[in-house]
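Just so you know, these numbers use all the heavy atoms, side chains as well, and skip hydrogens, waters and symmetry mates.
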Number of protein chains: 2
Amino acid sequence: MQAPDETMLERMENLLKIAGDFTRLKILYAIMDGEKSVGEIQEEAGVSQSLASHQLRVLKEANLLSMRKEGKKVYYVLADNHVRDLLEVVYNHVSEENL
Amino acid sequence: MQAPDETMLERMENLLKIAGDFTRLKILYAIMDGEKSVGEIQEEAGVSQSLASHQLRVLKEANLLSMRKEGKKVYYVLADNHVRDLLEVVYNHVSEENL
DNA sequence: GTTAAATATGAACAAATTTTCATTTAATGC
DNA sequence: GCATTAAATGAAAATTTGTTCATATTTAAC
């Protein structure tokens, strides 16, 4: 098999790096079922306001999330189903691990 | 959807972190088609002997690789097809990105 | 037992990342 | 306008990570 070119590998690296963080994983799962406000996300993920906001920005910049403002609140959603697929594959892998 | 428990999330984090590195991605693709010796891997991935060895250990400890010794040489292979699946999903995601 | 080849290891350094804390901006209601 | 709520931001501290360099181990050949 031919390995992806450097640019592709870099993008893959970036996506994996961004998904590969405990806080961000919790955030992603918090909005699996649909959009949530920052406040709801921080509560469900159990992280501080600032941390939620910082990591939401990271996820957004990586195009894993999109957002919408309504009044004082900001709502985030998964950008598409790739994220869901990725997390599913990863979940399946680790649940079949025999440790 | 119910988020995976903390232990699962940690394992997922770990797998994603380990896959999310340029050098390690190159190594993984180097052995996509079958086992290779460390020497072949370092050449194909274009990294130093020491770096190849260090990262092979990381991949091995994460159970992404298994190895076999034969004479002076050590051969590494992908541990299973999950790795392939994961990289495929990630590749598909990034190739559909509109940047 | 020496030498050479292949791989592994440990320590040190540089760089990147995650988190916290304090502050700021934006939107609303009074 | 002022106060309040929600979210974002910036800088600093804390931690983790990736890489290199030098050295060690292992195996085989002589």
Worksheet entry | Whether over 12 other heavy atoms sit under 6.0 Å from A:E43 CD |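 No, the 6.0 Å shell around CD holds no more than 12 heavy atoms from other groups.
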Discussion item. Need one value for B:Y75: base, sugar-phosphate or nothing, where a base atom within 4.0 Å counts as base even if backbone is also close, heavy atoms only.
Written reply: nothing
Please examine the side chains of [Y] and [X], heavy atoms only from C-beta on, and report whether any two atoms are closer than 4.5 Å.
{"X": "A:L28", "Y": "A:L65", "answer": "yes"}
{"X": "A:Q55", "Y": "A:L51", "answer": "yes"}
{"X": "B:R84", "Y": "B:L78", "answer": "yes"}
{"X": "B:I27", "Y": "B:T23", "answer": "yes"}

Rounded distance (Å) that lies between atom [atom2] of [N] and atom [atom1] of [X]:
{"X": "B:K36", "N": "C:dA6", "atom1": "NZ", "atom2": "P", "result": "17 Å"}
{"X": "B:R68", "N": "C:dA6", "atom1": "CZ", "atom2": "P", "result": "16 Å"}
{"X": "A:E10", "N": "C:dA16", "atom1": "CD", "atom2": "P", "result": "13 Å"}
{"X": "A:N14", "N": "C:dT17", "atom1": "CG", "atom2": "C1'", "result": "13 Å"}
{"X": "B:E40", "N": "C:dA6", "atom1": "CD", "atom2": "P", "result": "11 Å"}
{"X": "A:I27", "N": "D:dA7", "atom1": "CD1", "atom2": "P", "result": "13 Å"}
{"X": "A:I41", "N": "D:dA6", "atom1": "CD1", "atom2": "C1'", "result": "12 Å"}
{"X": "B:E61", "N": "C:dT9", "atom1": "CD", "atom2": "P", "result": "9 Å"}

Would a distance-only check, ignoring hydrogens and angles, find a side-chain to backbone donor-acceptor pair under 3.5 Å from [X] to [Y]?
{"X": "B:R24", "Y": "B:L59", "answer": "no"}
{"X": "A:K60", "Y": "A:M67", "answer": "no"}
{"X": "A:S95", "Y": "A:Y91", "answer": "yes"}

Worksheet item: Closer than 4.0 Å, any side-chain N/O of B:Y76 to the OP1 or OP2 of C:dA8?
Response: yes
Worksheet entry | Phosphate OP1/OP2 of C:dA8 contacted by B:R57 side-chain N/O (<4.0 Å) |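 For C:dA8, neither OP1 nor OP2 has a side-chain N or O of B:R57 closer than 4.0 Å.
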Item to complete: Going by the side chain to side chain contact (heavy atoms under 4.5 Å, CB included) test, name the single residue among B:L16, B:L64, B:N63, B:N81 that passes it with A:H93.
Response: B:L64
Worksheet item: In B/S/- notation, 5' to 3', how is nucleotides 23-30 of chain C contacted by protein heavy atoms closer than 4.0 Å?
Response: ----BS--
Anything under 3.5 Å between a protein N or O and an N or O of nucleotides 17-19 of chain D, put it in a table, one pair a line.
| from | atom 1 | to | atom 2 | distance (Å) |
| --- | --- | --- | --- | --- |
| D:dG18 | OP1 | B:D21 | OD1 | 3.3 |
| D:dG18 | OP1 | B:R24 | NH2 | 2.8 |
| D:dG18 | OP2 | B:R24 | NH1 | 3.1 |
| D:dT19 | OP1 | B:T23 | OG1 | 3.2 |
| D:dT19 | OP2 | B:T23 | OG1 | 3.0 |
| D:dT19 | OP2 | B:Q55 | NE2 | 3.2 |

